[in-house]
Amino acid sequence: MMQFPNDFVWGTATSSIQIEGSPAGDGKGKNIWDAYSHNTDRIRENHNPDIACDHYNRYKEDIDIMKKIGVHAYRFSIDWSRVLPDGTGKVNQKGLQFYSDLIDSLLENKIEPYLTLYHWELPLALHQKGGWLNDEIVEWFGDYAALIARTFGGRVKNIFTFNEPQCFIGLGYLQGIHAPGYKCSVAETIRMSHNVLKAHGRAVQRIREAAPDVQIGFAPTCGMPYPATDKKEDIEAARQAMFEIPPDDNWTWNVSWWSDPVLLGHYPEEGLRRFHDILPDITSEDMKLISQPIDMYGQNIYNGWMVRMGDNGQPESVPRSIGYPVTATGWPITPECLYWGPRFLYERYHKPIYITENGISCNDVISLDGKVHDPGRIDFEKRYLTQLQKAIADGADIRGYFYWSLMDNFEWTEGYSQRFGLVYVDYATGERIPKDSAGWYHDVIARNEI
Ligand code: FCB
């Protein structure tokens with residue numbers, strides 16, 4: 001058994017549209033996922049998030065479940081269009097009230113709120129004005145951040161700006177398989193990325209002004225290369241692979257383009273060289289804005305791939321073995337990513353790290369005994385958390401872990417087909433059934449060891 005640090009934060013995570021439902025409830029505006037999910041054939045079996053887990057109406061029950069599991073913290077996101085139906089301007093007080101009640105209820109139950117400002121739900125009205133291609137979005141996002149910090153900053157002490165910019169730009173605007181389903185040019189997506197990063201910086205400034213006590217973070221993601229052996233050259237190969245930028249049709253999927261500007265104050269040389277002819281204007285003021293000091297570095301880590309040093313002195317990936325283990329989504333199961341990922345990230349950026357998401361979807365069913373047995377999830381968690389503990393023991397400053405997800409929910413274009421929850425949701429009735437893993441997670445938290 002291995003202990004975690006005494007003040008380690010054990011949590012669980014969700015995002016607004018994946019669980020809330022009530023898409024038109026109490027004056028909410030539409031966001032791009034509300035619209036996209038009603039375009040036929042975009043989402044598996046034409047599912048949509050209109051009801052989802054009905055968390056908007058059942059949040060108290062969900063908080064009770066979290067309390068029973070014993071989590072210290074809950075990471076959730078605000079639906080921008082619920083509080084600002086047009087993205088800017090008129091505030092929807094009822095939308096703010098929902099999040100206010102949620103936060104109060106969390107605090108009453110001694111669960112620390114970790115709030116994410118943007119988990120992919122761009123207000124439709126802003127999308128219609130050009131969205132991330134419109135440079136004004138930097139101020140739109142700043143104003144939204146200020147509203148949230150002003151309203152909740154006395155009660156919420158941890159705010160993340162963006163969740164996984166790699167995904168919402170890459171899948172949404174380059175590959176066209178997430179909302180809004182566009183296939184833009186690389187030049188356009190690079191320009192969007194610069195606006196996302198500037199919007200991040202502006203939000204940091206506006207949160208600091210409104211709520212100086214809040215800890216501010218950024219929550220990107222990536223696949224994590226890990227070395228084939230403990231040999232120095234393989235470790236070096238994995239480290240190099242971790243910070244490389246993939247080919248153009250998949251360029252967003254990397255660590256350095258998104259994190260170097262925020263944490264080191266400059267874009268990676270490799271990217272500047274590669275994209276030289278298509279870069280937007282990047283001024284030193286922009287870089288200053290983007291690299292506003294932040295307090296914590298979130299990282300969503302699900303899997304990785306094995307890398308070794310090739311004979312030509314370049315990293316090369318090692319083919320996966322036949323029959324390698326996968327989750328129900330088909331994602332590889334690679335616990336090593338939770339050791340090497342945070343280690344490499346901490347070496348490069350020296351920021352306290354929170355694993356803002358990690359988890360597994362399984363083919364969970366309600367058994368004849370009425371319970372949901374999910375040994376695959378428990379096994380996955382044991383393997384991954386063992387690696388995470390080892391990374392901490394070897395010196396990476398990792399402060400917390402948020403299991404994705406509290407409950408089964410709307411998994412974007414996969415609809416409801418992927419069950420990631422510690423809690424099973426029967427979508428026909430809305431009933432919640434804590435899975436075996438919820439009890440297991442309770443014990444891990446109580447003992448603070450794996
Ligand atoms: C991450 C997303 C999260 C969820 C998990 C499975 O990429 O941030 O919303 O879909 O994957």
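Numbering of ligands and ligand atoms starts at 1, following listing order.
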Could you check [atom] against the protein and tell me its nearest heavy-atom contact, residue, atom and distance included?
atom                    : value
atom 10 (O) of ligand 1 : Glu411 OE1, 2.6 Å
atom 3 (C) of ligand 1  : Glu357 OE1, 3.4 Å
atom 5 (C) of ligand 1  : Tyr302 OH, 3.3 Å
atom 7 (O) of ligand 1  : Glu164 OE1, 2.6 Å

Are any of the side-chain nitrogens in Arg82 or Asp26 under 4.0 Å away from the carboxylate oxygens of its partner? no

Asp295 with Arg399: basic N within carboxylate O range, under 4.0 Å: no

A cation-pi test, strictly: NZ or CZ of Arg348 under 6.0 Å from the centre of the six-membered ring of Phe243 and no more than 45 degrees from its axis. Yes or no? yes

Is Lys435 close enough and on-axis enough to Trp440, meaning under 6.0 Å and within 45°, for cation-pi? no

Does a side chain donor of either Asp374 or Ser437 reach within less than 3.5 Å of an acceptor in the other side chain? yes

Just by distance, with hydrogens left out, do Arg377 and Tyr403 show a side-chain donor and acceptor under 3.5 Å apart? yes

If you measure from atom 8 (O) of ligand 1 to every heavy atom of Asn163, Thr356, Asn358, which option wins on shortest distance? Asn163

Within-cut-off N or O pair, His119 and ligand 1, under 3.5 Å: yes

Distance-only N or O hit between ligand 1 and Trp404, under 3.5 Å: no

Atom indices of ligand 1, in the order listed, that fall short of 4.0 Å to a heavy atom of Trp412: 3 (C), 4 (C), 9 (O), 10 (O)

Contacting atoms of ligand 1, where contact means under 4.0 angstrom from a heavy atom of Phe420: 6 (C)

Heavy-atom pair with the smallest gap, counting every atom of Thr151 and Arg155: O-NH2, 3.6 Å

